[in-house]
Number of protein chains: 2
Amino acid sequence: MPEINIKYLAKQLNLAPSTVSRALNDSYEISEKTKVRVLALAKELNYHPNPYARSLRDHKSYTIAVIIPERINNFFAQVIDGIEKVTRQHGYHLLVYNTHEELDIERKILSFLLNGRVDAIVMSVSSQTSKIDHLLQLYQKKLPVIFFDRICDEFPTTKFITNDYQSGYDGTKHLIQKGCQRLVFLTLSKDLSISKERLRGFKVALKDYGMEFSPNQVIVCMQEEDENIKLIGDLLGSEDRPDGILASVEKLAVAIYKAVRNTSLKIPQDLKLISFSNMKIADILDPPLSTISQPAMEIGIACADLLMKKLTKKDHPEFEDRIIMIPSKITIRRSSGE
Amino acid sequence: MPEINIKYLAKQLNLAPSTVSRALNDSYEISEKTKVRVLALAKELNYHPNPYARSLRDHKSYTIAVIIPERINNFFAQVIDGIEKVTRQHGYHLLVYNTHEELDIERKILSFLLNGRVDAIVMSVSSQTSKIDHLLQLYQKKLPVIFFDRICDEFPTTKFITNDYQSGYDGTKHLIQKGCQRLVFLTLSKDLSISKERLRGFKVALKDYGMEFSPNQVIVCMQEEDENIKLIGDLLGSEDRPDGILASVEKLAVAIYKAVRNTSLKIPQDLKLISFSNMKIADILDPPLSTISQPAMEIGIACADLLMKKLTKKDHPEFEDRIIMIPSKITIRRSSGE
DNA sequence: AACGAAATCGGAATCGATTGCATGATTAAA
DNA sequence: TTTAATCATGCAATCGATTCCGATTTCGTT
């Protein structure tokens with residue numbers, strides 16, 4: 001079978017490749033008659049232009065990189081679905097990378113993207129990311145970047161987040177009002193943007209309700225679930241064990257459930273729990289989990305909408321350095337006391 | 001800032017682009033001295049070859065397409081993690097596409113991949129896929145394809161699956177031994193390879209234990225969860241409601257839990273349930289869900305290993321037309337009666 | 001000193017699609 | 001009938017990296 005490229009089409013039609021190209025691109029210079037002939041054959045042979053030849057000439061790849069720290073995660077999966085929904089309509093393709101929360105992997109991935117492989121990047125940084133030198137390279141190369149959720153404050157671009165401070169505040173307030181005296185905040189990292197904001201809400205809520213804050217109310221967890229279960233188990237076995245937990249990451253809520261299983265404690269009687277989570281099955285857990293769920297699909301769509309504007313309209317200005325906030329939704333279920 | 005390409009490097013070093021290219025590729029024709037100079041500058045300027053120029057010449061994209069029917073799904077997410085783990089080590093990139101279980105989308109995606117954009121495809125077909133004309137195009141174009149889980153029997157290539165027949169049989173047997181009299185099999189489609197096999201196991205188990213099978217024991221569900229909850233609700237409200245369900249897809253198990261909430265029935269007392277599922281939180285559901293979980297990560301790794309062999313070794317033969325089976329693991333929990 | 005082989009490197013074509021410029025053909029206007 | 005204008009198409013360069021082939025230099029050997 002011969003390679004079906006533009007030269008082959010041209011030969012079959014007894015035309016020059018340039019004419020075929022123009023016909024396919026509906027140029028005004030080509031007669032209707034010729035266009036019809038060309039399009040007919042292209043359709044018959046199921047011809048599609050070689051994307052790499054086009055990319056080489058146009059310096060556009062029609063490809064976008066999506067970088068996330070975790071794939072088995074409802075939030076990120078939904079965001080990607082949102083991004084894909086929009087970009088697909090514009091003929092863009094998605095390269096998806098998982099950093100597994102590791103800075104080294106994040107670094108390596110970004111270095112692969114600096115050479116024109118993608119037209120833009122949409123990312124949520126790893127929990128290990130505190131220095132941002134590897135990100136600044138993108139800025140120097142003028143590669144458009146949008147951050148969502150776990151953003152990078154120092155990087156001047158548009159960022160999409162949820163109202164983390166407010167959600168942290170509201171979740172904490174809720175626990176206090178349910179009678180919790182010894183509150184704990186669980187997180188993956190102290191450097192993460194979302195953790196900082198959610199923790200800030202936690203602290204302010206404590207203060208507003210006349211409670212002291214002490215640093216050991218913040219527990220920084222690990223990557224491995226087993227380690228976290230142990231960590232939380234120790235916490236629950238301690239003298240002044242917490243009676244209320246705000247988990248800033250979905251997987252930590254799961255670890256709490258599993259850790260509690262190993263004790264004689266009961267949720268919510270002995271321990272009230274609320275967690276940031278996009279699980280669609282929060283209400284069939286035992287007990288149903290109170291959640292702060294983020295508008296993941298909307299975030300994905302918003303990111304992609306902005307991106308498509310920038311990429312499809314020429315001379316579109318660089319992304320403004322600003323933060324766009326879409327509110328999360330808090331849903332009280334039995335884990336925090338009905 | 002000048003574009004950093006091979007010509008720029010050549011000019012800086014007072015060499016020809018061809019020499020620079022050879023030096024970068026560690027050719028024997030280039031002296032050590034020159035190689036050192038070239039590599040030093042390349043490193044300093046953080047030079048990476050333009051991937052599209054290389055692809056155009058080599059007819060290789062170092063890119064693989066992964067096509068799945070659903071992204072918010074633990075099984076598929078784990079498989080992709082497995083694929084990425086292997087392919088990343090070989091410098092390959094992953095384009096990930098979600099068909100949302102729609103045949104039209106699957107068709108469209110495949111048509112985008114026929115022009116050299118990817119070197120191979122790893123996919124699990126949508127539940128609507130019964131005709132396979134759109135897949136056969138890939139075969140004609142000699143584009144390597146590997147199927148996993150939801151395979152396409154008529155397509156001659158290597159396929160990775162789990163022991164669906166056996167799992168279906170074992171799950172059904174378990175329900176029977178727990179005393180279920182009126183069993184029902186829930187599925188997304190009658191055409192899907194996995195559904196057929198799992199159903200076959202269901203039927204044979206019934207027969208082996210002296211139970212009649214009637215076609216209305218098979219319920220074909222919808223895409224929308226709300227519809228499924230209603231469908232299952234009706235089922236549970238009927239005269240001869242089932243007392244045991246084998247759900248062939250994770251999301252259907254979730255729908256069952258939610259449907260049961262609307263009734264006065266109790267799992268497992270009134271209804272025993274076991275489901276194919278890769279949820280990591282099956283044991284914190286209320287009640288904990290008995291699962292048949294597939295070795296997702298292993299499947300992904302196996303697919304990618306085979307693929308990498310084919311793509312990195314020249315003159316590697318086409319994929320054999322065979323099926324490789326990796327067994328699932330059945331875990332009994334309280335939803336099927338302790 | 002001279003010759004040949006090996007070691008190094010440069011020139012130019014190539015991959016496939018696009019596009020500025022030139023050319024040829026057709027038609028309308030003078 | 002001639003000229004100008006419009007229309008339709010072809011030629012050739014380009015994008016960046018690679019590689020075949022040819023050219024030059026270096027070195028060892030007689």
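Here is the naming used below: chain letters follow the sequence lines, and residue numbers restart at 1 for every chain.
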Short side-chain donor-acceptor distance under 3.5 Å, B/D81 and A/N98: yes
Of the listed nucleotides D/dA8, D/dA17, D/dG10, the one nearest the side chain of A/S31: D/dA8
Given DNA chain C, 5'-ward residue of the pair B/Y28 and B/L56, judged by closest heavy atom: B/Y28
Value rounded to 0.5 Å, distance of CD1 in A/I6 from NZ in A/K11: 13.5 Å
Touch class at under 4.0 angstrom, heavy-atom based, for A/N115 against every strand present: nothing
Residues B/E70 and B/H100: side-chain donor-acceptor under 3.5 angstrom: no
Parallel, tilted or perpendicular: rings of A/F148 and A/F75 (30°, 60°): tilted
Rounded distance in Å - CZ (A/R57) to P (D/dA12): 16 Å
Touch class at under 4.0 angstrom, heavy-atom based, for B/T34 against every strand present: sugar-phosphate
Distance, rounded to the nearest Å, where A/K33 contributes NZ and D/dA8 contributes P: 9 Å
Side-chain donor-acceptor pair present, B/Y62, B/H90, cut-off under 3.5 Å: no
Donor + acceptor pair across side chains of A/E101, A/S127 (<3.5 Å): yes
Nucleotide D/dC11, atom P - distance to NZ of A/K7 in whole Å: 13 Å
Interface limits on DNA chain C, where chain B has a heavy atom under 4.0 Å of a nucleotide atom: C/dT8 to C/dG16
Gap between atoms CD and C1', on B/E29 and D/dT25 respectively (whole Å): 15 Å
Candidate nucleotides D/dT19, D/dA13, D/dT9, ranked by approach to the side chain of B/S21 - the nearest: D/dT19
Sugar-phosphate, base or nothing in reach of A/S27, heavy atoms under 4.0 Å: nothing
Distance, rounded to the nearest Å, where B/N50 contributes CG and D/dT14 contributes P: 17 Å
Five-pair end axes of the helix from C/dA1-D/dT30 to C/dA30-D/dT1, angle between them (10°): 60°
Whole-Å gap separating C1' (D/dT9) and CZ (A/R37): 12 Å
Criterion side-chain hydrogen bond (donor to acceptor under 3.5 Å, both in side chains) against B/N46, the qualifying member of A/Q137, A/Q140, A/K141: A/Q137
Exercise: do A/T34 and A/S31 side chains pair donor with acceptor under 3.5 Å: yes
Sugar-phosphate only, base, or nothing, as touched by A/L15 at under 4.0 Å among non-hydrogen atoms: sugar-phosphate
Full working for ring-ring contact (aromatic ring centres under 6.0 Å, His included) between B/F160 and B/F147: CA-CA 6 Å; B/F160 291 86; B/F147 292 98; over 10 Å; no
